Structure formats: structure tokens, C-alpha cells
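The structure appears right after this line, and notes come after that.
Remember, predicted model here, so these are calculated numbers, not experimental data.
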Amino acid sequence: MTDHPAVLVEGLRKSYGRHTALAGLDLLVAEGTVHGVLGPNGAGKTTAVRILATLLAADGGRAEVLGVDVLRQPQLVRPRIGLTGQYAAVDERLTGLENLEMFGRLYRLSARTARARAAELLERFDLAEAAGRQAKTYSGGMRRRLDLAASLIMAPAVLFLDEPTTGLDPRSRQAMWRVIADLVRDGTTVLLTTQYLEEADQLADRVSVVDTGRVIAEGTTDDLKRQIGGDRLDITVAEGCDLGGAAEVLARSGTGAATVDADERRVSVPVSGAGILAEVVRGLDEIGVTIVDVALHRPSLDDVFMTLTGHGAAPAGATGPGGPGGDDGPPGPRTGDDERDLVKA
């Protein structure tokens, strides 16, 4: 790792008519790290990635990748980067091997070199046995791994991953996490956008929380969790029990106001540690409240986002200002072809 950032963004702005996608975004990504950009649909994540990947022109601000000005010298940036977008940009009619060979040839590798690189990547991404099968027969997780492999044909120093695990089952997501961690160990810098809060927790060295086109908080995941302070005690009570009375008991023992979820019959309160648990149990017993479940947990990134923005991160795949899939660009669906044409090719 050097003292120079792999990605530098200052005051980046982009609007689509009356819709402001980026309102002065600032990012600094250290070399050899995973930097998570966390936010809901419409926060500006995809627009920022598309600008950094030279797919979209900014309205203002500054953006550099490995010291090269993205806005002024995009032709010098493209050979240094890879991009995996929200949609797998592979040709379903071609086999896995043919897809990777095609991208290699588009990068002007010789036929022999392209084939060797394709075979190497298929082995690395555990796709060697499926190399001769058409991509349309692949599972969702396999397609995403093939798509990521295509982004690495030229071994880019910086890799942009725009919600790379959207739509994957838990096992496939964990497999992708392992692949990403391996890439970083090998020296790749990764800028990762995500709505999966545990994904940022698992992978990111630092996280920027983005809302309405600007960064509203930044730090390690532990730094962000400390911003809302302490642990949280959740008590689920039996049907028919006095939720108001339970909230009063928890508020007396906690470090802040108790909240009540009537549908789940759950009362929550911030606490300074597990020491007050016995006191809470006694207090609830005294008023005749039966406890069904007790959980003490550290704040999650979801808690952090709710505290910072007043709303949670929208589920992946929800429709945002830019249409299906959570895009924050101009209206209309995307197919992934723009990423494939300009970055992978």
C-alpha cells in the first residue's frame, strides 16, 4: 500500500433534469483495500461508479483513479480498471470459456494468451468444470462469478463492484465474498457499493455512508457503530402482556428511550452492557410480564443507517429513481451492456 489513494473523488456532481444524483460526493480509497459505499436506492452509488468507470460524464467536481483524471483522460483510466455491474454482462449463448476468450480478444490479447488467461480465471473462480457449458445453463452465482472473471482479464489494479451479490442466495454470496477477499490479498483495490449491510461489515476496511448524493458518515464499521453508542437489549414478550409496562421497566435500566414494536411484541432499549439483564428480568417478573426471548447485540450497520438518515437501507432490487434494480441514473432499465462495451471491452 502507498500513501497515494487509488481513488480520489472531490465534490462530484451529477443531475438528471430536476433529479440530483450526486450533490458534492467526496471519497478517498486507499490502495489495496476494500472501500464500501453503503446506501439505499437513489443514494447516488451507481452514478458515482459509472463516472469513475468512464461510462458517464460528471457535471462537476474532480475524480482520479491511480492519479489519472477520470474526466479529462478516460482513455488512460480504462486499461487500469475493471467493473462488475448490477447485471451479469455475459453472452448466454457462449460457453464460459468462450465468454472469457471473447473479452481477452477484445482487449487485443493473442488467441493463445486469451485462451490461457480464460482457463486460469475459470479455475480460480471454480468454473473449470462448467467451462464448456453455455452461460445460460449457469446458476445465478456462477454467472456472477463468470462476470467478475471477465472484469479481471487484464488484471486491473482497481475493481469497481456495483452491488455484485444482488439476487444471490446466501451460499453464493458467501462464495463471492471469499473471491473478493482473495483479490484484495493479491493487491487489487476494490470499491464496493452495496445495500447488504453485513456485506460491508464482512469485507470493507472503511465504509462511506451515502444518502441523497453525498457522504454523510465515514469510517470503519466499528467507528460507525460507535456513533450510536452501546449495545441494545431486545425483549420479546408473550401475547397479551403489557408492552407499555415492559417499556417502562427497560427504560429505567437502559441508557436511552425504549422503543416498542407492537406487531413483534418486542421492546428494545440501548444499554451499557449485559450487567442490567438480571435487573430487567426481575422488573418484568414483578409486573407479570412473561419473557419469550431475550437478545443483547451490538449496533448493526442498519442501526447506524437508521440513526444517520432516519430510514433504513431499502432492500436490494427495490425500484429507485432510476428504475428497476436500484439505479440512481436516468429513468429506464439497464441491461449491463454499457459496462461490458466500455470497460470489459
Side-chain angles (χ1 to χ4, degrees), residues 33-41 43 165 170 173-174 177 192-212 214-316 318:
T33 66
V34 178
H35 192 105
V37 178
L38 180 68
N41 287 333
T165 63
R173 286 174 59 205
Q174 290 175 6
W177 292 353
L192 168 77
T193 75
T194 184
Q195 294 184 58
Y196 291 122
L197 304 161
E198 71 273 26
E199 188 159 87
D201 218 355
Q202 285 282 335
L203 293 174
D205 298 288
R206 290 183 67 80
V207 172
S208 295
V209 182
V210 178
D211 197 34
T212 61
R214 58 171 59 89
V215 173
I216 59 173
E218 188 172 87
T220 66
T221 55
D222 283 342
D223 289 339
L224 296 176
K225 290 173 184 177
R226 278 193 290 269
Q227 290 191 27
I228 65 173
D231 299 328
R232 177 165 291 274
L233 178 63
D234 295 332
I235 301 286
T236 303
V237 304
E239 192 78 49
C241 287
D242 180 8
L243 284 171
E248 291 179 8
V249 170
L250 266 67
R252 288 198 299 268
S253 302
T255 59
T259 58
V260 176
D261 184 334
D263 293 334
E264 299 292 332
R265 305 191 313 280
R266 185 173 59 241
V267 183
S268 305
V269 69
V271 296
S272 59
I276 57 91
L277 186 55
E279 176 184 333
V280 168
V281 172
R282 285 196 301 269
L284 293 175
D285 185 59
E286 288 174 0
I287 64 171
V289 170
T290 302
I291 298 173
V292 174
D293 187 42
V294 178
L296 182 69
H297 66 88
R298 294 195 64 197
S300 68
L301 285 175
D302 205 4
D303 297 325
V304 173
F305 201 84
M306 181 68 74
T307 299
L308 292 171
T309 69
H311 57 85

Run the numbers on Arg173 and Glu198 for side chain to side chain contact (heavy atoms under 4.5 Å, CB included), then give the verdict. CA-CA 11 Å; Arg173 286 174 59 205; Glu198 71 273 26; 2.8 Å; yes
Locate the shortest heavy-atom distance separating Val37 from Val210; write the atom from each residue and the value. CG1-CG2, 3.5 Å
Who passes side chain to side chain contact (heavy atoms under 4.5 Å, CB included) against Asp223, sequence neighbours left out? Thr220, Arg226
Would you name the heavy atoms of Cys241 and Val237 that are closest together and state the gap between them? CB-CG2, 4.0 Å
Contact summary for His297 and Asp234, nearest pair of heavy atoms: NE2-OD2, 3.2 Å
Val280 vs Leu233, side chain to side chain contact (heavy atoms under 4.5 Å, CB included): CA-CA, chis, key distance, verdict: CA-CA 10 Å; Val280 168; Leu233 178 63; 4.0 Å; yes
Residue pair Asp201, Lys225: steps toward the side chain to side chain contact (heavy atoms under 4.5 Å, CB included) verdict: CA-CA 10 Å; Asp201 218 355; Lys225 290 173 184 177; 2.7 Å; yes
Hey, what do you get for CD (Glu239) to OG1 (Thr290), rounding to the nearest 0.5 Å? 12.0 Å
Output for pair (Ile291 CD1, Ile235 CD1), nearest 0.5 Å, gives 5.0 Å
Hey, does Leu296 have a side-chain heavy atom less than 4.5 Å from the side chain of Leu277? no
Over all atoms of both residues, closest heavy-atom pair of Trp177 and Thr165: NE1-CG2, 4.2 Å
Give, for atom CD of Glu199 and atom OG1 of Thr193, the distance between the pair rounded to the nearest 0.5 Å. 8.5 Å
Any donor-acceptor N/O pair, Thr194 side chain to Tyr196 backbone, under 3.5 Å: yes
Between Gln195 and Gly39, what is the shortest heavy-atom contact and its length? CG-O, 3.3 Å
Could you list the donor-acceptor pairs under 3.5 angstrom formed between side-chain atoms of residues 246-264 and any protein atom two or more places apart in sequence or on another chain?
| unit_1 | atom_1 | unit_2 | atom_2 | d |
| --- | --- | --- | --- | --- |
| Ser253 | OG | Glu279 | OE2 | 2.9 |
| Thr255 | OG1 | Pro270 | O | 3.1 |
| Asp261 | OD1 | Asp263 | N | 3.2 |
| Asp261 | OD1 | Glu264 | N | 3.2 |
| Asp261 | OD2 | Arg266 | NH2 | 3.4 |

Indicate the atoms forming the closest heavy-atom contact of Ala238 with Arg265, along with that distance. C-NE, 3.7 Å
